[in-house]
Amino acid sequence: MSAVSPARTRYDCVVIGGGHNGLSCAAFLARAGRSVLVLEASTRLGGAAVTREFAPGFRVSAGAHLLHQMSAQLIGELELEHHGLQWAAQGMSTVSLAHGAAPLTLGPEGQIEGQGIAQDLRAYPAFATQMRRFAAALNPVLEKTPPRLGTDRWSDRLNLLGLGWRIRRLGRRDMRELLRIGGMNAYDLLTEHFSSPLLQGALGFDAVLGTNFGPRSPGTVMTLLYRLAAQFGSSTRGVALPKGGLGAVSDALAGAARKAGAEIRLETPVERVLVADDRACGVRLHSGQSISAGAVISSADPKASLLGLVGAEHLDAGFVRRLTHLRTRGLAAKLHLALEDLPMFAELPPAAHGARLVVAPSLNYLEHAYNHSKYDEYSQAPALEITLPTVCDPTLAPRGKHVLSAVVQYAPYQVRGGWAQERTAFTRRIIDTIAQFAPGIRALIRASELLTPQDLEQEFRTTGGHWHHADLALDQFFMVRPVPGATQYGTPLAGFYLCGAGCHPGGGVMGIAGRNAARQVLAQAART
Ligand SMILES: Cc1cc2nc3c(=O)[nH]c(=O)nc-3n(C[C@H](O)[C@H](O)[C@H](O)COP(=O)(O)OP(=O)(O)OC[C@H]3O[C@@H](n4cnc5c(N)ncnc54)[C@H](O)[C@@H]3O)c2cc1C
């Protein structure tokens with residue numbers, strides 16, 4: 001923690017929250033010469049991009065566990081590798097597991113290996129190449145501040161024109177296909193192209209990971225394209241494991257922010273945004289201290305930021321209504337296991353244990369898993385994204401021991417019976433699912449930790465414990481994210497900005513929302 005002069009109570013910019021987006025925002029503001037103070041409530045930086053101990057000697061990326069969306073440009077601009085970011089693995093393959101059958105492997109460059117699915121093996125490269133072309137065309141949409149509709153500003157018009165031009169440049173056939181599939185569901189698209197349930201399930205899982213959807217939900221081709229587009233601009237050649245876990249990304253961002261002159265305070269929760277003359281003018285801390293600032297930027301989720309920290313009394317009724325209706329209930333849980341040894345997954349060669357392992361053996365499996373969550377039940381047969389980070393990064397566990405980290409879908413925010421009662425049964429259900437593929441795993445478990453959406457909400461201070469701070473859906477995306485009136489990082493309250501995953505482009509460890517918000521703060525200052 002950097003030393004802070006107790007006398008200093010005025011900064012150009014105060015950033016609420018030291019998650020990776022708050023840190024990215026702070027770094028860009030400080031590099032532009034602003035005095036910046038980051039206030040983080042927790043004892044640790046990083047928000048949901050954090051590494052922490054969950055059993056004595058065992059550390060894990062407690063929220064996000066794979067990096068695949070952080071843009072190469074941002075990593076380069078902030079010199080994150082110079083600030084300590086190193087890689088335990090890059091360009092990881094995805095291995096999709098099926099009970100009693102050979103696994104299917106998808107490589108980072110469109111490679112595919114599988115057995116008994118000759119027709120799909122031939123069809124996949126063309127599909128992957130086309131999706132890559134779409135991802136390349138859409139990637140700049142994610143990187144930029146979305147345009148505002150119906151304004152006279154040339155920057156907004158040019159931005160919209162640029163989007164149209166990129167799609168036009170795809171050529172007639174691709175353009176038509178993109179427009180055709182854009183609003184479809186993943187189930188219909190994937191069953192058009194492939195007949196192997198295992199391949200369909202693996203691709204469908206990417207469409208619904210972190211969302212409130214099953215593969216038959218409308219808009220899931222959009223969420224698949226979103227993932228691919230963000231991945232397209234990343235420097236990690238697909239999925240990667242930072243050395244030391246995702247916390248290492250946040251540490252590097254903090255290093256960049258500090259080097260540029262930003263101050264960071266831990267264990268400093270903000271209680272209120274101060275408002276004077278209809279403008280944000282600073283913050284009041286939980287301790288009672290007030291700090292004044294020309295701009296206040298919050299990386300907390302939109303509801304917590306605007307309804308909690310600003311207060312509805314400073315916002316108009318229509319805007320408050322839109323915010324209240326923002327869907328923020330998470331459906332993803334996290335399971336962490338401390339293991340005495342490496343569990344052996346049947347049918348998997350030892351070298352493949354370091355891959356991203358997926359349990360989503362068919363689209364119907366995923367849809368059934370999702371169905372439970374509609375009725376406040378957890379999935380009886382959950383879909384899983386499993387990593388064994390210690391295969392590539394032994395520093396996370398005592399010598400010879402291992403960590404298993406799994407994203408689990410679907411776990412409703414509120415489960416029937418309550419999580420206090422259902423936690424043990426769900427943990428057992430997830431371990432049973434893993435044990436179908438790694439039969440000896442139960443005997444290796446020294447400790448386990450399950451984080452339900454309610455736990456994630458508490459640990460990361462995110463309303464609903466949502467992966468994206470708010471659903472990523474057609475009505476909460478791009479030009480209308482999070483809600484009309486707050487779509488370009490600014491809000492109806494002058495001087496108050498949002499910079500977290502609830503803004504465009506959404507969640508995932510990218511740092512783009514933080515960077516774009518910093519640009520908006522600077523642009524607004526230049527205009528006034
Ligand atoms: C289970 C799960 C698994 C995931 N897996 C992946 C993955 O593998 N890969 C990936 O790319 N993404 C993943 N994600 C998504 C990703 O973790 C998030 O989208 C991202 O970390 C959000 O970053 P952020 O900086 O916008 O917000 P956050 O990380 O939520 O940070 C917000 C920060 O603000 C602080 N804060 C809040 N209120 C206050 C206050 N009043 N005062 C001071 N500080 C405050 C919080 O303590 C927190 O540190 C996952 C998410 C979940 C929930």
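Numbering of ligands and ligand atoms starts at 1, following listing order.
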request  = Please work out which of Ile16, Leu23, Ile512 has its closest non-hydrogen atom nearest to atom 39 (C) of ligand 1.
outcome  = Ile16

ask   = Under 3.5 Å between some N or O of ligand 1 and some N or O of Gly22?
value = no

message = Using a strict threshold of under 4.0 Å (side-chain N to carboxylate O), is an ion pair present between Glu40 and Arg265?
response = no

query = Looking only at non-hydrogen atoms, which of Ala48, Ala230, Cys503 approaches atom 29 (O) of ligand 1 most closely?
reply = Ala48

query = Is any NZ, NE, NH1 or NH2 atom of the basic residue among Glu143 and Arg515 found under 4.0 Å from an Asp or Glu carboxylate oxygen of the other?
reply = yes

inquiry  = Test of understanding: given a 4.0 Å heavy-atom threshold, classify the contact between Leu45 and ligand 1 as side chain, backbone, both, or neither.
reply    = neither

key: Whether over 12 other heavy atoms sit under 6.0 Å from Gln458 CD   = no

request  = Starting from atom 49 (O) of ligand 1, locate the nearest protein heavy atom and write down its residue, its atom name and how far away it is, to 0.1 Å.
outcome  = Glu40 OE1, 2.6 Å

query = Taking the minimum heavy-atom distance to atom 7 (C) of ligand 1, which of Ala49, Ser405, Ala64 ranks first?
reply = Ala64

task = Just jot down the ring-ring contact (aromatic ring centres under 6.0 Å, His included) partners of Tyr370, sequence neighbours excluded, or say none.
result = Tyr410

task = Mind listing the closest non-hydrogen atom pair of Arg284 and Ser290 along with its distance?
result = CG-OG, 4.0 Å

query = Which residue supplies the protein heavy atom nearest to atom 44 (N) of ligand 1, what is that atom called, and how far is it?
reply = Ala41 N, 3.1 Å

ask   = Any heavy atom of His468 sitting closer than 4.0 Å to ligand 1?
value = no

key: Any N or O of Glu385 closer than 3.5 Å to N or O of ligand 1   = no

task = May I ask you to identify the nearest protein heavy atom to atom 14 (N) of ligand 1, giving residue, atom name and distance to one decimal place in Å?
result = Trp467 CE2, 3.3 Å

request  = Measure from the side-chain N and O atoms of Ser93 to the backbone N and O of Gly107, and report whether any donor-acceptor pair falls under 3.5 Å.
outcome  = no

inquiry  = List ligand 1 atoms under 4.0 Å from Gly500, heavy atoms only on the residue side.
reply    = 26 (O)

ask   = Nearest protein heavy-atom contact for atom 28 (P) of ligand 1: which residue, which atom, what distance?
value = His469 NE2, 3.7 Å

ask   = Is there a donor-acceptor pair under 3.5 Å between the side chain of Ser61 and the backbone N or O of Gly63?
value = no

request  = Could you list the atoms of ligand 1 found under 4.0 angstrom from a heavy atom of Leu39?
outcome  = 43 (C), 44 (N)

request  = Answer yes or no: is there an ion pair linking Arg272 with Glu313, defined by an N-O contact shorter than 4.0 Å?
outcome  = yes

Shortest heavy-atom approach to atom 9 (N) of ligand 1 - which of Leu66, Leu266, Val273 = Leu66

query = Got the closest protein heavy atom to atom 1 (C) of ligand 1, with its distance?
reply = Leu456 CD1, 3.9 Å

note = Closest to atom 25 (O) of ligand 1 (heavy atoms only, candidates Leu498, Asn21, Val15) is Asn21

task = Note the single closest protein heavy atom to atom 42 (N) of ligand 1, along with its residue, its atom name and the distance in Å.
result = Val270 N, 2.9 Å

key: Nearest-neighbour protein heavy atom for atom 32 (C) of ligand 1, which is reported as residue plus atom name and distance   = Ser299 O, 3.7 Å

query = For His468, what residues pass the side chain to side chain contact (heavy atoms under 4.5 Å, CB included) criterion, not counting sequence neighbours?
reply = Tyr226, His466, Leu472, Arg481

key: Full working for side-chain contact (heavy atoms from CB on, under 4.5 Å) between Arg44 and Leu266   = CA-CA 7 Å; Arg44 286 180 295 264; Leu266 295 174; 5.9 Å; no

task = Please work out which of Ala501, Gly47, Gly18, Ala411 has its closest non-hydrogen atom nearest to atom 26 (O) of ligand 1.
result = Ala501

message = How far is atom 38 (N) of ligand 1 from the closest protein heavy atom, and which atom is that?
response = Ala300 CB, 3.7 Å

query = Under the criterion side-chain hydrogen bond (donor to acceptor under 3.5 Å, both in side chains), which of His65, Arg59, Glu449 is the partner of His336?
reply = Glu449

ask   = Are His372 and Tyr378 near enough that their ring centres are under 6.0 Å apart?
value = no

query = Can any side-chain N or O of Glu81 pair as donor or acceptor with the backbone N or O of Ile75 at less than 3.5 Å?
reply = no

query = Among the heavy atoms of Ala304, does any lie under 4.0 Å from an atom of ligand 1?
reply = no

query = Between Lys334 and ligand 1, is there a nitrogen or oxygen pair with a distance under 3.5 Å?
reply = no

request  = Using distance alone, determine whether Val407 and ligand 1 share an N or O pair under 3.5 Å.
outcome  = no

Salt-bridge criterion met for Glu457 and Arg329 (N-O under 4.0 Å) = no

